[in-house]
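Okay, so here's the structure we're looking at.
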Amino acid sequence: MDSRTGKDIRLGRLTEASSGRTIILAYSHGLILGQQPGMRTLDQMRAVVEACHRANGIMISPGLLKPLEQAFIGQGKPSLVVHLDWTNFSRKLLPYDQGRQVSVASIEEVAAAGADAVMTYLLLGDDDPCREAEEIDRNARIARACERLGIVHMIEPRLSLERRQPERKLEPALMQLYCRMAAELGADLIKCVWSGSIETMREIVETCPVPVLVAGGARDEANPDGGLGIARDALAAGCRGVVFGRTVYQSPNPEATLDGLRAIVHGPVAP
């Protein structure tokens, strides 16, 4: 038997056959940011994942797999995506100029739990070149373990200095660099922040040899439908789907918001 078949099967579960695209609900912010609107209590979280059962995948932290397992059991349920890394990179409370990250589960444990995919961070541009090398090594070892066990590996690459140098966060050349590096480490999917325009996003997609999914970012209360606009523009740039969290689960009606996103990413439901 060949573990590459396992990857193909799992990627197939994550991908809508009609569109060749995917919608992954990012529902693991508690691991990084603590309790958030839309995920304050376990009862609320169970209600949200049930309402979002038409997502292609739902990403949660390892510790929430057991209490939320019913969301993934049975035919027609979303794929399980495990948020593998803890990081202090984007934390608002007790922030750091440059964060560090560590994996909180092994790929063997993820495979045993029935997950289709994992997501890791890849922070590049650290002040200390040895730390950047450690990040490369860590992600490479995870990628090799995913290849061995047939697990889909999604990497979210970021500029380590973006908190200190926010003007560089959307620098096109840097975004192209880190997406390409993540792909060549062995990522099957790249989760990339929205670059700000269709043109710059298209360049990222064109120079990345694996599918790029756009991240939704924080919900904009002044423009709650802005995330849907980003999804439209991302698809126009060639992205193969979205990894949206707060745009969906912090909306007044997560199910309706997800349905609107599905209409954009997968096309309207036939009458």
Sub-4.5 Å side-chain heavy-atom contact between [X] and [Y]:
| X | Y | value |
| --- | --- | --- |
| Ser106 | Glu109 | yes |
| Arg54 | Asp259 | yes |
| Leu14 | Ile24 | yes |
| Met45 | Leu68 | yes |
| Asn56 | Thr15 | no |
| Ile142 | Leu185 | no |
| Asp233 | Leu235 | no |
| Leu42 | Arg46 | yes |

Side-chain heavy atoms nearer than 4.5 Å, only ILVMFWY residues, links allowed to pass through others: does that put [X] and [Y] together?
| X | Y | answer |
| --- | --- | --- |
| Val110 | Leu25 | yes |
| Ile190 | Val118 | yes |
| Ile60 | Val82 | yes |
| Met59 | Trp194 | no |
| Met154 | Val212 | no |

For the residue pair [X] and [Y], what are the closest heavy atoms and their distance?
| X | Y | value |
| --- | --- | --- |
| Val48 | Gly38 | CG2-O, 3.7 Å |
| Gly216 | Thr247 | O-OG1, 4.3 Å |
| Ala215 | Lys191 | CB-CE, 3.6 Å |
| Met201 | Cys192 | CE-SG, 3.9 Å |
| Gly125 | Glu132 | N-OE2, 2.7 Å |
| Ile58 | Cys52 | CD1-O, 4.0 Å |

Legend entry - Sole candidate of Arg158, Arg138, Arg100 that passes salt bridge (charged side-chain N to carboxylate O under 4.0 Å, His left out) when paired with Asp85: Arg138
Inset, instruction - Would you check if there is a donor-acceptor pair between the side chains of Glu206 and Gln176 at a distance under 3.5 Å? - result: no
Legend entry - Pair Ser18, His266: side-chain N/O donor-acceptor within cut-off below 3.5 Å: no
How far does [atom1] of [X] sit from [atom2] of [Y], to the nearest 0.5 angstrom?
| X | Y | atom1 | atom2 | result |
| --- | --- | --- | --- | --- |
| Leu124 | Leu161 | CG | CG | 10.5 Å |
| His29 | Tyr249 | NE2 | OH | 4.5 Å |
| Ser28 | Met119 | OG | CE | 6.5 Å |
| Asn88 | Ile32 | CG | CD1 | 8.5 Å |
| Leu228 | Thr257 | CG | OG1 | 7.0 Å |
| Leu84 | Ile107 | CG | CD1 | 5.0 Å |

Inset, instruction - Test side-chain contact (heavy atoms from CB on, under 4.5 Å) on Ser195 and Ile204 and set out the steps. - result: CA-CA 9 Å; Ser195 64; Ile204 293 167; 3.9 Å; yes
Inset, instruction - Could you walk me through whether Asp127 and Arg164 pass side-chain contact (heavy atoms from CB on, under 4.5 Å), step by step? - result: CA-CA 11 Å; Asp127 283 337; Arg164 191 187 308 167; 3.0 Å; yes
Can we say [X] and [Y] salt-bridge, meaning some charged N sits less than 4.0 Å from an Asp/Glu carboxylate O?
| X | Y | value |
| --- | --- | --- |
| Asp137 | Arg141 | yes |
| Arg180 | Glu184 | yes |
| Arg131 | Glu134 | no |

Inset, instruction - Measure from the ring center of Tyr121 to the ring center of His83 and say whether it is less than 6.0 Å. - result: yes
Inset, instruction - Decide if atom CZ of Arg240 counts as having more than 12 heavy atoms of other residues, nucleotides or ligands within a radius under 6.0 Å. - result: no
Inset, instruction - Check whether more than 12 heavy atoms from other residues, nucleotides or ligands sit under 6.0 Å from atom CD1 of Ile73, and answer yes or no. - result: yes
Verify, without hydrogens or angle tests, whether [X] (side chain) and [Y] (backbone) share a donor-acceptor contact under 3.5 angstrom.
| X | Y | result |
| --- | --- | --- |
| Arg91 | Leu94 | yes |
| Arg163 | Phe89 | yes |
| Asn253 | Ala256 | yes |
| Glu16 | Arg21 | no |
| Glu69 | Leu65 | no |

Inset, instruction - Please step through salt bridge (Lys or Arg N to Asp or Glu O under 4.0 Å) for the pair Glu255 and Arg262, ending with a clear verdict. - result: CA-CA 10 Å; Glu255 185 173 11; Arg262 283 188 58 86; over 6 Å; no
Legend entry - Stepwise side-chain contact (heavy atoms from CB on, under 4.5 Å) check, Val81 with Arg10: CA-CA 10 Å; Val81 181; Arg10 291 179 172 96; over 6 Å; no
Inset, instruction - Carefully, step by step, assess Gln101 and Glu135 under the rule side chain to side chain donor-acceptor pair (under 3.5 Å). - result: CA-CA 9 Å; Gln101 44 282 335; Glu135 265 293 89; 2.9 Å; yes
Inset, instruction - Carefully, step by step, assess Asp116 and Leu80 under the rule side-chain contact (heavy atoms from CB on, under 4.5 Å). - result: CA-CA 6 Å; Asp116 287 323; Leu80 169 61; 5.7 Å; no
